[in-house]
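Please read the structure below before turning to the comments.
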Amino acid sequence: MDNNVRKLTDGALMLAIIGIFVLADVQLAGVLTGYSAFLVPLPLALYGVKYGQKDGMIVLIAASLLAMMLGGFTKLFYIASYGICGLYYGDGVKQHKDMAKVIIVTCLIAIFSNAMTTVVLASVFGYDLLGDIAIYTDILDKIGYAQLVGASDISSVIKSIIVFTTIFLGICEGFIIHFCCKLLLARLKYKVPKVDFSHLKAGRWSGYLAITGFIAYNILHGMMPDPALNDGLYVFSMLCSLYLMFYGAIGLYSMLQKYFVIKNRSLRVIIIIIALLLFNLLMMIIGFIYLTTDLKERINTDATN
């Protein structure tokens with residue numbers, strides 16, 4: 001009986017926090033959901049780690065309905081999508097799941113949320129995507145951007161940038177949610193499992209598929225009869241390049257630790273971030289080698305010898 005009362009009390013507290021967030025966001029014309037959406041998962045992550053996913057779903061549904069009543073469909077979507085991130089993260093900590101997979105799922109949910117709000121349902125959320133593309137196209141035409149980069153269709157370049165930005169921001173939001181939830185739970189004395197991406201397994205075929213998708217776009221760009229096919233090939237190529245860079249970061253992290261004897265974890269992370277920003281092609285090559293050769297096995301063997 002006492003446990004049920006505590007669940008109801010904690011659930012009401014989480015709803016109150018979310019309700020205050022939604023009301024403040026309405027008064028600030030969407031500033032909070034636009035720039036601080038990573039705060040939404042925190043209450044549900046805390047509730048999930050205490051009571052699990054089953055009880056947390058009731059709070060999530062109630063929070064979504066509360067958000068719809070206070071702010072309409074847009075607030076409902078934000079609270080529901082980011083709330084799922086928090087609840088899944090909290091349940092993952094409670095169940096001692098593989099945190100690397102939990103972070104990946106969190107990033108995928110954040111990417112989906114960004115894609116829905118900025119591309120698929122842009123008009124519903126108040127974005128004039130076609131108008132923005134027209135404005136950016138006019139600006140780039142005036143400065144002669146097409147001649148500088150050798151592009152024939154500026155609008156396709158802008159669409160590509162929008163797609164890349166949507167994916168990249170989703171990944172960044174996923175990691176921000178992870179760090180915020182980890183900080184909150186650690187302060188409340190909950191033990192968060194360590195994150196280890198190096199053990200993630202992927203078939204060699206995925207490396208060959210990813211490098212093929214990346215090369216295919218660079219060869220077939222502009223040759224597709226339908227612009228939609230060209231845009232689709234670009235999105236696939238971008239996903240392939242991100243996949244290779246992800247495993248390239250894992251491979252470089254392991255090599256910095258084993259071969260370059262860099263024991264400071266923060267320094268290794270900084271080096272990887274710089275490499276991803278400045279030498280992304282090199283990171284893709286490292287990722288391809290890491291996926292298609294026995295590099296991972298050799299690193300582990302050298303570590304144990």
Side-chain angles (χ1 to χ4, degrees), residues 1-110 112-114 116-117 125 170 173-195:
M1 183 66 180
D2 292 338
N3 188 42
N4 291 331
V5 173
R6 186 60 183 266
K7 285 182 183 179
L8 291 174
T9 305
D10 289 345
L13 178 60
M14 299 303 111
L15 288 177
I17 294 173
I18 294 174
I20 293 173
F21 180 88
V22 174
L23 285 175
D25 186 57
V26 171
Q27 296 299 318
L28 295 174
V31 172
L32 293 181
T33 51
Y35 297 98
S36 304
F38 58 87
L39 297 176
V40 175
L42 298 181
L44 288 160
L46 178 58
Y47 195 86
V49 78
K50 292 181 69 174
Y51 302 111
Q53 190 172 13
K54 183 178 179 181
D55 293 319
M57 283 300 299
I58 299 175
V59 177
L60 175 61
I61 294 172
S64 301
L65 294 175
L66 178 64
M68 184 176 65
M69 289 187 292
L70 296 177
F73 174 77
T74 57
K75 308 307 176 192
L76 164 66
F77 182 82
Y78 277 114
I79 297 300
S81 58
Y82 286 97
I84 290 174
C85 289
L87 184 59
Y88 181 79
Y89 189 95
D91 184 68
V93 174
K94 180 179 177 62
Q95 301 295 334
H96 301 286
K97 295 180 180 179
D98 184 356
M99 292 308 296
K101 294 181 180 179
V102 171
I103 293 174
I104 290 174
V105 173
T106 302
C107 291
L108 291 176
I109 297 174
F112 170 78
S113 178
N114 278 334
M116 293 296 291
T117 55
F125 288 87
E173 284 185 357
F175 277 93
I176 291 173
I177 291 171
H178 159 63
F179 289 123
C180 291
C181 290
K182 181 180 178 180
L183 179 62
L184 172 66
L185 297 178
R187 295 287 292 178
L188 296 175
K189 308 302 182 182
Y190 289 98
K191 186 177 180 181
V192 180
K194 292 184 178 181
V195 181

Check whether Thr9 reaches the backbone of Val5 with its side chain - one donor and one acceptor, N or O, closer than 3.5 Å.
yes
Say you draw a straight line from CG of Leu70 to CD1 of Ile79; how long is it, rounded to the nearest 0.5 Å?
9.5 Å
What is the minimum heavy-atom distance between Gln53 and Leu87, and which atoms define it?
O-CD2, 4.0 Å
Show me the donor-acceptor pairs, under 3.5 Å and distance only, between side chains in residues 38-47 and residues at least two apart or in other chains.
| unit_1 | atom_1 | unit_2 | atom_2 | d |
| --- | --- | --- | --- | --- |
| Tyr47 | OH | Lys7 | O | 3.3 |

According to side-chain hydrogen bond (donor to acceptor under 3.5 Å, both in side chains), who are the partners of Asp10, at least two apart in sequence or on a separate chain?
Arg6, Lys50, Tyr51
Using a strict cut-off of less than 4.0 Å between a Lys/Arg side-chain nitrogen and an Asp/Glu carboxylate oxygen, indicate whether Lys54 and Asp91 qualify as a salt bridge.
no
Hey, can you pull the donor-acceptor pairs under 3.5 Å for the side chains in residues 56-65, sequence neighbours left out?
| unit_1 | atom_1 | unit_2 | atom_2 | d |
| --- | --- | --- | --- | --- |
| Ser64 | OG | Leu60 | O | 2.9 |

First locate atom CG of Asp98, then atom CD1 of Ile103, and finally report the distance between them rounded to the nearest 0.5 Å.
9.0 Å
With heavy-atom distances below 4.5 Å as the criterion, would you say the side chains of Met99 and Val93 are in contact?
yes
Interatomic spacing from OH in Tyr82 to OG in Ser36 - rounded to 0.5 Å
11.0 Å
What distance do Leu28 atom CG and Phe21 atom CZ have between them, rounded to the nearest 0.5 Å?
9.5 Å
Taking atom CZ of Phe112 as the centre, does the number of heavy atoms from other residues, nucleotides or ligands within less than 6.0 Å exceed 12?
no
Using 0.5 Å steps for rounding, measure from the OH atom of Tyr88 to the OG1 atom of Thr106.
7.0 Å
Should Val195 and His178 be marked as a side-chain contact (heavy atoms from CB on, under 4.5 Å) after you check the CA-CA gap, both sets of side-chain angles, and the distance that decides it?
CA-CA 10 Å; Val195 181; His178 159 63; 3.7 Å; yes
Tell me, do Met68 and Phe73 make a side-chain contact under 4.5 Å, heavy atoms counted?
no
Just how far is it from atom CG of Asp25 to atom CD1 of Ile18, taken to the nearest 0.5 Å?
13.0 Å
